[in-house]
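Since the structure is predicted, the reported quantities are computational estimates derived from the model, not experimental observations.
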Amino acid sequence: MTSSRLALPALCASAALVASTVGLVAAPAQAEPTDAPSSSAACETYPADQLEEGQEVTGLTTAGVTPGRPSSKVEPESFTGTYLDTLRSDDGDTLVFDLKGSRITKADGTIDAGVWSGMSGSPVYAADGRLIGAVAYTFGGTQGSSIAGVTPAAALQALRANGGQAPTSIKLTSREKNRLVAAGADRSELGTGARSIKPVTAITLPSSLARGYATIAKRAGTTARTVINGASGGTAADAPIVAGGNLAVADSYGSIASYALGTASLVCDGDVVGFGHPMEFANAQRTLHNASTALIQADGGESYKLANLGAPQGTLLHDGLAGVFGRLGALPLTTTVTSTASSDGKPARTYLSSVPNPDALAEIAATHAFRDAALAQDQLAGGESLVTWTVKGTSTVNGKPVEMRRTDRYSRQDSLAEYVGTGVASNIWALQDNPFSNIDVTDVTIDDTLTSPYKALKATAAERYDTKTRRWVKLREGGTITATKGRTIKLRITLDRANRYSKATKRFVTTEIRPASTAIGTGRIVITGGNTNSWDDEDEYFDDFAPWDDEDYYYDDEDELSLPAKQPTSAQGVADQLANDVRNDDLVVSQDYFTKPSKRSSKRVLVNQDKRLRQTSIVSGLLYFKVRYR
């Protein structure tokens with residue numbers, strides 16, 4: 001896995017893809033029927049070289065509900081068009097049409113929404129019902145346009161064999177513009193070429209959480225999607241996917257739906273092709289869905305579709321230049337994410353999503369934890385959170401189950417919800433990236449209990465008990481203490497409020513450590529709060545814990561008191577190591593020293609002794625002392 005997973009491709013600024021667009025919960029309704037080409041004819045290709053200037057065509061799309069006109073939420077409605085010309089390119093030809101009807105133009109022929117984002121993939125047919133191509137590009141500037149670029153049917157059909165070409169940019173020459181105008185195009189609608197509209201992926205979250213989600217997407221190494229209200233569901237959206245109807249390609253669905261939405265261009269023998277341009281131009285394990293169009297939001301040159309995602313109906317197989325291709329029926333393996341959150345004793349609420357795309361799992365899990373914590377608090381506030389998460393899966397090498405369970409504590413002065421998912425996300429990534437076996441993750445569960453006060457402690461001082469004077473003696477930070485071999489060292493550590501905003505109560509923690517009777521030379525005592533290396537907004541989930549990528553993680557050859565830790569030898573070993581990592585509320589007291597050589601070896605032996613003292617608040621701070629053994 002790389003930091004570029006799920007990132008949208010960069011498109012030339014002069015090129016426009018009629019973007020796939022967003023989802024929005026809407027009440028299901030039956031669409032008005034329309035006359036559509038027979039399924040057999042619609043699966044046949046109309047040769048592009050047989051098109052003639054002025055040739056009339058028809059097309060299918062969905063436009064939702066508009067007062068004063070029939071609705072088309074799921075069942076497509078028709079539009080018409082006139083062929084203008086073909087723009088030829090080594091990357092693939094683009095057919096240019098002037099479209100009318102639906103929400104493209106008003107009854108008087110003036111522009112309504114124009115060619116909108118989410119209309120991409122809308123099929124265009126010849127009079128005999130054969131498929132000419134799919135709407136994929138829109139022309140013009142900041143105002144809406146009825147001029148559309150169409151990806152030829154031959155390129156769409158080639159997608160079924162993982163082929164097909166389409167240009168990623170269209171810039172009109174003066175000659176081409178003049179030809180289009182001569183054929184009937186309005187020069188004001190052409191601009192300099194096809195206006196760039198990137199494919200828009202959407203995620204269903206409250207709009208007030210957009211900023212926090214953008215932070216999470218950044219940590220996941222992905223491009224943040226458009227945040228829209230709603231979730232997947234609705235019986236109307238579960239109707240079969242049809243040509244001219246909605247086509248959504250999803251990374252997740254359920255309580256949190258993350259997907260791209262456009263239009264299906266052809267549905268033939270269980271194969272589905274749509275969009276007429278790439279989603280991300282990178283294959284990933286995703287599901288195919290229908291959707292119920294709520295409305296077309298007219299916004300000049302930025303008009304777009306709002307829709308409600310339906311249940312999965314198939315699997316994406318290819319994301320290519322000419323569009324997306326998948327097959328109806330069998331669904332890919334999905335991971336179930338179950339998230340429960342409660343705050344200050346209020347009743348807990350549980351949410352569930354399915355994630356077919358493993359590359360999106362860490363991000364979706366973190367987003368779940370973030371959103372559900374915010375909903376439980378009913379605000380983006382500070383406080384404390386005790387989170388338990390479980391990740392279950394199966395090794396693809398030996399079929400053995402792999403499971404990890406971990407609990408950790410988080411506390412923030414503000415925006416606590418943004419941080420409660422950092423642990424589960426980084427753990428998911430580390431498990432998926434382990435060097436021993438691919439893991440099919442089947443279940444992720446998150447249980448989060450939040451409380452209002454922000455509480456944080458910091459280790460600020462340490463004292464040693466003097467057995468002679470029977471008094472506690474403060475130790476100088478970085479100084480040297482003398483210890484008797486084989487005798488107990490009794491320490492008292494001061495945990496003070498981490499800052500003036502913390503509501504934690506100052507406390508003292510007493511502990512004992514004992515060096516071996518064979519200890520020699522100078523060793524050290526290190527007292528560390530588990531939250532000392534706290535999460536930073538610039539950190540990424542896949543940088544947080546991947547020890548096999550860090551040559552100094554197990555051993556620092558510049559530190560003679562650093563002992564190589566035991567390395568995992570299996571995927572389950574990685575899971576166990578992740579589960580047992582130091583928590584944010586741990587106070588760790590470490591003693592490192594050498595002992596005399598044994599009778600069997602002439603080399604001295606390095607000893608590392610770690611003691612974890614669990615606290616009821618997160619702990620930061622670092623104290624260091626040298627120890628001379630006598």
Side-chain angles (χ1 to χ4, degrees), residues 404 406 408 430 458-459 461-465 475-493 495 509-534 544-570 573-615 618-630:
M404 72 150 290
R406 177 171 170 78
D408 209 346
K458 183 177 181 179
E463 301 165 287
R464 179 186 180 185
Y465 187 70
L475 302 177
R476 182 173 60 86
E477 166 66 14
T480 301
I481 64 175
T482 301
T484 302
K485 295 180 285 187
R487 299 288 295 273
T488 297
I489 303 173
K490 191 173 183 179
L491 299 172
R492 184 168 71 178
I493 303 161
L495 298 183
V509 177
T510 303
T511 188
E512 296 179 352
I513 55 177
R514 183 177 181 179
S517 60
T518 54
I520 59 174
T522 300
R524 68 186 175 196
I525 293 174
V526 181
I527 300 170
T528 312
N531 193 54
T532 298
N533 296 318
S534 59
D544 187 45
F545 194 98
W548 42 88
D549 291 333
D550 184 356
E551 62 182 9
D552 291 333
Y553 180 82
Y554 296 109
Y555 179 64
D556 184 353
D557 57 9
E558 296 182 359
D559 180 4
E560 68 171 0
L561 290 174
S562 173
L563 181 68
K566 184 178 180 181
Q567 300 186 33
T569 58
S570 66
V574 172
D576 294 340
Q577 189 175 33
L578 293 170
N580 295 321
D581 198 18
V582 174
R583 286 174 37 164
N584 291 324
D585 54 2
D586 281 338
L587 178 65
V588 183
V589 180
S590 301
Q591 182 182 202
D592 307 318
Y593 58 91
F594 287 101
T595 61
K596 294 178 180 179
S598 65
K599 295 180 179 180
R600 298 180 180 180
S601 173
S602 60
K603 295 182 178 180
R604 57 185 184 171
V605 179
L606 176 61
V607 176
N608 290 136
Q609 297 174 330
D610 291 338
K611 197 170 188 180
R612 297 187 192 180
L613 307 172
R614 184 68 41 80
Q615 305 302 307
I618 66 170
V619 185
S620 61
L622 174 65
L623 302 172
Y624 174 89
F625 309 97
K626 295 179 182 178
V627 182
R628 184 177 294 115
Y629 300 100
R630 64 183 181 184

Min side-chain heavy-atom separation [X]-[Y] under 4.5 Å:
X: Pro568; Y: Asp576; result: no
X: Ile489; Y: Arg514; result: no
X: Thr528; Y: Val582; result: no
X: Leu561; Y: Phe594; result: yes
X: Lys485; Y: Thr518; result: no

Can you sort out the partners of Arg492 under side-chain hydrogen bond (donor to acceptor under 3.5 Å, both in side chains), two or more places apart, ordered by chain and number?
-> Glu463

To the nearest 0.5 Å, what is the distance between [atom1] ([X]) and [atom2] ([Y])?
X: Glu560; Y: Leu606; atom1: CD; atom2: CG; result: 8.5 Å
X: Ile493; Y: Thr511; atom1: CD1; atom2: OG1; result: 6.5 Å
X: Tyr465; Y: Leu491; atom1: OH; atom2: CG; result: 13.5 Å

Looking only at heavy atoms, what is the nearest atom pair of [X] and [Y], with distance?
X: Thr532; Y: Gly621; answer: OG1-O, 2.9 Å
X: Phe625; Y: Gly478; answer: CD2-N, 4.2 Å
X: Leu623; Y: Glu477; answer: CA-OE1, 3.3 Å
X: Leu587; Y: Ala459; answer: CD1-CB, 4.4 Å
X: Pro515; Y: Thr484; answer: CG-O, 3.9 Å
X: Gln615; Y: Leu613; answer: NE2-O, 3.1 Å

For Val588, does its backbone N or O pair with a side-chain atom of Arg612 as donor and acceptor, under 3.5 Å?
-> no

Does Val627 offer a backbone N or O that forms a donor-acceptor pair with the side chain of Thr480 under 3.5 Å?
-> no

Got a sec: does the CZ of Arg487 have more than 12 other heavy atoms crowding it under 6.0 Å?
-> no

What side chain to side chain donor-acceptor pair (under 3.5 Å) pairs are there with at least one residue in residues 618-629, not counting sequence neighbours?
-> Gln591-Tyr629

Can you list the residues that meet the salt bridge (charged side-chain N to carboxylate O under 4.0 Å, His left out) rule with Asp408, with sequence neighbours excluded?
-> Arg406

Worked check of side-chain contact (heavy atoms from CB on, under 4.5 Å) between Leu475 and Ile525 = CA-CA 11 Å; Leu475 302 177; Ile525 293 174; over 6 Å; no

